Number of protein chains: 2
Amino acid sequence: MDAGDGLRVVAERPNSRATMKDVARVAGVGVGTVSRVVNGKSNVSEESIAAVNAAIERLGFRRNDSARMLKTGATASIGLLVEDVADPFFSLLNRSVEEEVLRRDSVLLTASSDKDPNRARKMILTFCARRVDGLVITLPEGGDEEYLRAELDAGTSMVFVDRPPRELDVDTVIVDNRGGARTGVEHLIGYGHRRIACFTDRPDLYTASERIAGYREALEEAGIPFDPELVFSSATTREPVDEPLGRMLASDDPPTAVFAGNNRTSINVIGALRIHNTSLAIVGFDDFELADVVVPGITVVAQDPKAMGQIAMRMLYKRLDGDVSPSQTVTLNTRLIVRGSGELSRDAVLAAR
Amino acid sequence: MDAGDGLRVVAERPNSRATMKDVARVAGVGVGTVSRVVNGKSNVSEESIAAVNAAIERLGFRRNDSARMLKTGATASIGLLVEDVADPFFSLLNRSVEEEVLRRDSVLLTASSDKDPNRARKMILTFCARRVDGLVITLPEGGDEEYLRAELDAGTSMVFVDRPPRELDVDTVIVDNRGGARTGVEHLIGYGHRRIACFTDRPDLYTASERIAGYREALEEAGIPFDPELVFSSATTREPVDEPLGRMLASDDPPTAVFAGNNRTSINVIGALRIHNTSLAIVGFDDFELADVVVPGITVVAQDPKAMGQIAMRMLYKRLDGDVSPSQTVTLNTRLIVRGSGELSRDAVLAAR
DNA sequence: TTGAAAGCGCTAACAT
DNA sequence: ATGTTAGCGCTTTCAA
């Protein structure tokens with residue numbers, strides 16, 4: 001390169017982007033002016049604007065936001081941690097959060113915890129190292145949440161969604177899991193059912209335990225004894241469901257209805273019922289695509305993940321805008337969507353046996 | 001604060017995070033040492049490590065990655081743009097990409113284009129301004145793609161998924177849409193069908209047009225005339241499907257089978273068939289949850305979004321690791337999953353009328 | 001309206 | 001093994 005002949009070879013610097021300095025040089029102005037143009041400040045002459053834009057175009061300049069973030073301290077980014085971005089519920093929440101983030105011209109960093117507290121911790125700390133402006137978190141059960149306190153103290157805003165923190169004092173958006181489950185089970189009881197099976201996720205999960213509690217409350221209120229034989233709590237994958245359902249059906253006093261604790265569970269129960277060639281009344285928690293396409297349509301207790309995301313982001317941005325009022329918990333109500341499967345009466349089920 | 005009495009008030013600097021300088025001061029070492037400890041370099045004494053870690057703990061220090069990124073030029077981040085993160089297909093792709101990103105200790109920025117070229121452009125340029133190491137892109141139809149060339153020239157690696165670029169010379173992962181569709185339609189023809197309806201997405205979309213082409217190829221090969229009356233191409237939402245399906249069914253020579261161009265379409269067609277209280281043989285493109293729970297199970301031409309994400313990331317990381325060989329296009333084969341709906345013979349359908 | 005210059009927090013080269 | 005320092009690319013005073 002510098003062959004010693006005193007000539008300075010101005011390399012094209014492949015694979016290295018032009019900086020404002022480069023643009024300034026080409027445009028024949030100072031970097032300050034370039035910065036003003038790039039950020040659309042008002043006090044720049046038309047001439048300068050034109051010259052700078054031409055240089056930008058020519059060099060393919062794109063502002064380096066790392067430098068900008070370092071300087072200004074604002075990253076215009078939000079971190080979202082959910083259980084699984086591919087889960088129908090969380091993917092809808094994801095999209096909803098994205099819309100709000102876009103509205104503020106920020107970017108969204110996403111991650112799936114896969115229900116693993118360590119993975120969650122790692123991702124959250126990574127987000128914090130990137131200095132996200134705020135965090136939307138579905139924290140998996142069973143891990144320590146103390147490490148979040150340091151982030152909170154350092155001024156990182158966060159809002160919990162889908163389940164509340166154990167100790168932390170942060171904004172939270174949840175749904176009325178217990179009340180929703182109770183409504184669903186009451187609905188079945190209203191159609192004469194007294195033997196109602198319950199298929200849910202692991203009961204150490206907040207949402208599952210709340211829904212089981214709602215199930216029990218409805219039974220109790222109706223004076224129906226709780227029978228642990230009718231509860232199965234690892235229903236999130238398909239295979240484990242067939243056997244316990246079969247056992248229940250083969251018992252002396254088989255169920256005539258089933259309450260399914262979430263969308264995956266509903267699907268698994270429907271499949272298992274198919275296997276056992278039986279039909280029971282069924283009400284599921286969570287709506288899902290195709291719930292109205294199977295016959296009969298599946299009656300569900302629906303959540304609104306879109307609203308959840310919107311509300312969470314609204315709360316978060318209020319904090320980012322300086323609100324320091326006490327933290328809030330917003331509890332969204334569920335909605336019973338009647339489609340047929342939940343309106344199969346006890347008599348009808350028994351008659352078909 | 002500085003009350004003029006010569007005393008320097010060392011404020012607690014609330015809402016402003018500790019820096020390496022702070023940590024160095026508290027630990028009684030230099031910033032270089034702090035940096036070495038934070039980054040796990042080898043040549044540091046046990047003493048220093050302990051002192052630094054204690055200070056980090058006490059101050060709640062977390063490295064500012066904006067500064068690190070500015071300095072090193074590496075952002076350890078990948079940008080993913082899909083049509084909609086809440087779509088069952090793309091959400092699975094999203095998760096798959098996330099796993100690969102996690103494996104490299106990077107973070108993932110995600111965005112939905114919502115099929116809007118302008119929104120796509122905005123998000124991609126934002127990602128570029130953040131200096132993502134690489135981009136995984138499903139570019140919406142109908143927009144200019146030239147702006148990507150500047151990014152490519154600047155050294156940003158990218159891989160297209162789900163549909164190929166029009167002009168750009170970049171790595172691409174797609175599925176054999178045409179061949180898959182042909183296989184699906186041939187399957188129906190094999191069961192005696194000669195009047196096969198086709199419900200798809202807008203034909204200006206790459207995947208839809210390829211699938212329609214596959215549909216036509218299968219017909220042609222079997223000597224079945226193509227009838228535009230049997231094709232409906234805006235089947236992505238529910239309502240528009242009912243009417244054209246009804247019209248086809250009421251015609252002189254109604255279809256006995258239907259090929260559905262994607263998962264949403266399949267669901268809509270199933271719903272519409274329910275409305276019209278008819279059953280036809282059906283094969284859909286894309287697998288979906290519940291495809292095996294409805295009766296009969298839905299026979300589908302399945303893609304593998306997980307594999308797509310893995311392969312895309314493998315290609316991307318090879319580029320990031322310095323591979324400069326010519327760009328590749330990987331075409332994944334589809335898989336026909338037989339579940340019953342596609343094996344309803346023409347005779348059976350006619351007999352039921 | 002504009003250019004010059006300080007400095008955001010970090011890494012890495014250099015000196016010790 | 002460790003402290004010091006230059007500088008990454010930007011924004012933002014400050015002075016002109």
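Just so it is clear: chains get the letters A, B, ... in the order the sequence lines come, proteins before strands, and each one is counted from 1. The model shown is predicted, which means the values in this text are computed figures rather than measured ones.
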Engineer: Strictly distance-based, threshold 3.5 Å: is any side-chain N or O of B:Glu145 a donor or acceptor partner for the main-chain N or O of B:Glu167?
Structural biologist: yes
Engineer: Measure from the side chain of B:Asn64, starting at C-beta and using heavy atoms only, and say which of C:dG9, D:dT11, D:dT2 lies closest.
Structural biologist: C:dG9
Engineer: When you match A:Val31 and A:Ser48 each to their closest nucleotide on DNA chain C, which lands nearer the 5' end?
Structural biologist: A:Ser48
Engineer: Select one nucleotide: of C:dG9, D:dG3, D:dT2, the one nearest the side-chain heavy atoms of B:Val29.
Structural biologist: D:dG3
Engineer: Salt-bridge test for B:Asp171 and B:Arg314: reply yes if a basic N is under 4.0 Å from a carboxylate O, no otherwise.
Structural biologist: no
Engineer: With sugar-phosphate meaning primed atoms plus P, OP1 and OP2, does B:Asp65 contact a base, only sugar-phosphate, or nothing at under 4.0 Å between heavy atoms?
Structural biologist: nothing
Engineer: Does B:Asn43 make a side-chain N or O approach to OP1 or OP2 of D:dT2 shorter than 4.0 Å?
Structural biologist: no
Engineer: On DNA chain D, does the nearest nucleotide to B:Leu70 precede the nearest nucleotide to B:Glu47 from the 5' side, or the other way round? Give the residue.
Structural biologist: B:Glu47
Engineer: Salt bridge (charged side-chain N to carboxylate O under 4.0 Å, His left out) between A:Glu151 and B:Arg17: does it pass, once the steps are laid out?
Structural biologist: CA-CA 9 Å; A:Glu151 307 307 323; B:Arg17 303 203 68 140; 2.7 Å; yes
Engineer: I need the CZ-C1' distance between B:Arg131 and D:dC10, as an integer number of Å.
Structural biologist: 11 Å
Engineer: Take atom CG of B:Leu59 and atom C1' of C:dG9, then tell me their distance rounded to the nearest Å.
Structural biologist: 15 Å
Engineer: If I take atom NZ in residue B:Lys41 and atom P in nucleotide C:dT11, what distance separates them, rounded to the nearest angstrom?
Structural biologist: 8 Å
Engineer: Could you check whether the side chain of A:Lys71 and the base of C:dG7 have a donor-acceptor pair of N or O atoms closer than 3.5 Å, going by distance alone?
Structural biologist: yes
Engineer: Considering only side-chain heavy atoms of B:Thr72, which listed nucleotide, C:dT11, D:dT2, C:dT1, is closest?
Structural biologist: C:dT11
Engineer: Applying the side chain to side chain contact (heavy atoms under 4.5 Å, CB included) test to A:Leu148, which of A:Leu139, A:Val170, A:Asp153 qualifies?
Structural biologist: A:Leu139
Engineer: Looking at A:Thr33, I'd like to know whether one of its side-chain N or O atoms comes within less than 4.0 Å of OP1 or OP2 on C:dT2.
Structural biologist: no
Engineer: Using whole Å, what does the distance between atom P of nucleotide D:dG7 and atom CE of B:Met69 come to?
Structural biologist: 22 Å
Engineer: Report the nucleotide, chosen from D:dG9, C:dC10, D:dT11, that has the shortest atom-to-atom distance to any side-chain atom of A:Arg68.
Structural biologist: D:dT11
Engineer: Using whole Å, what does the distance between atom P of nucleotide D:dT12 and atom CG of A:Asn39 come to?
Structural biologist: 8 Å
Engineer: Has A:Ser45 got a side-chain N or O lying under 4.0 Å from the OP1 or OP2 atom of C:dT2?
Structural biologist: yes
Engineer: Charged N to carboxylate O under 4.0 angstrom, A:Lys122 versus B:Asp105?
Structural biologist: yes
Engineer: When only distance counts, do a donor and an acceptor, one from the side chain of B:Arg36 and one from the base of D:dG3, lie under 3.5 Å apart?
Structural biologist: yes
Engineer: Can you find a side chain N or O atom of A:Arg63 that sits less than 4.0 Å from OP1 or OP2 on D:dT11?
Structural biologist: yes
Engineer: Starting at CE of B:Met20 and ending at C1' of D:dG3, how long is that distance when rounded to a whole Å?
Structural biologist: 15 Å
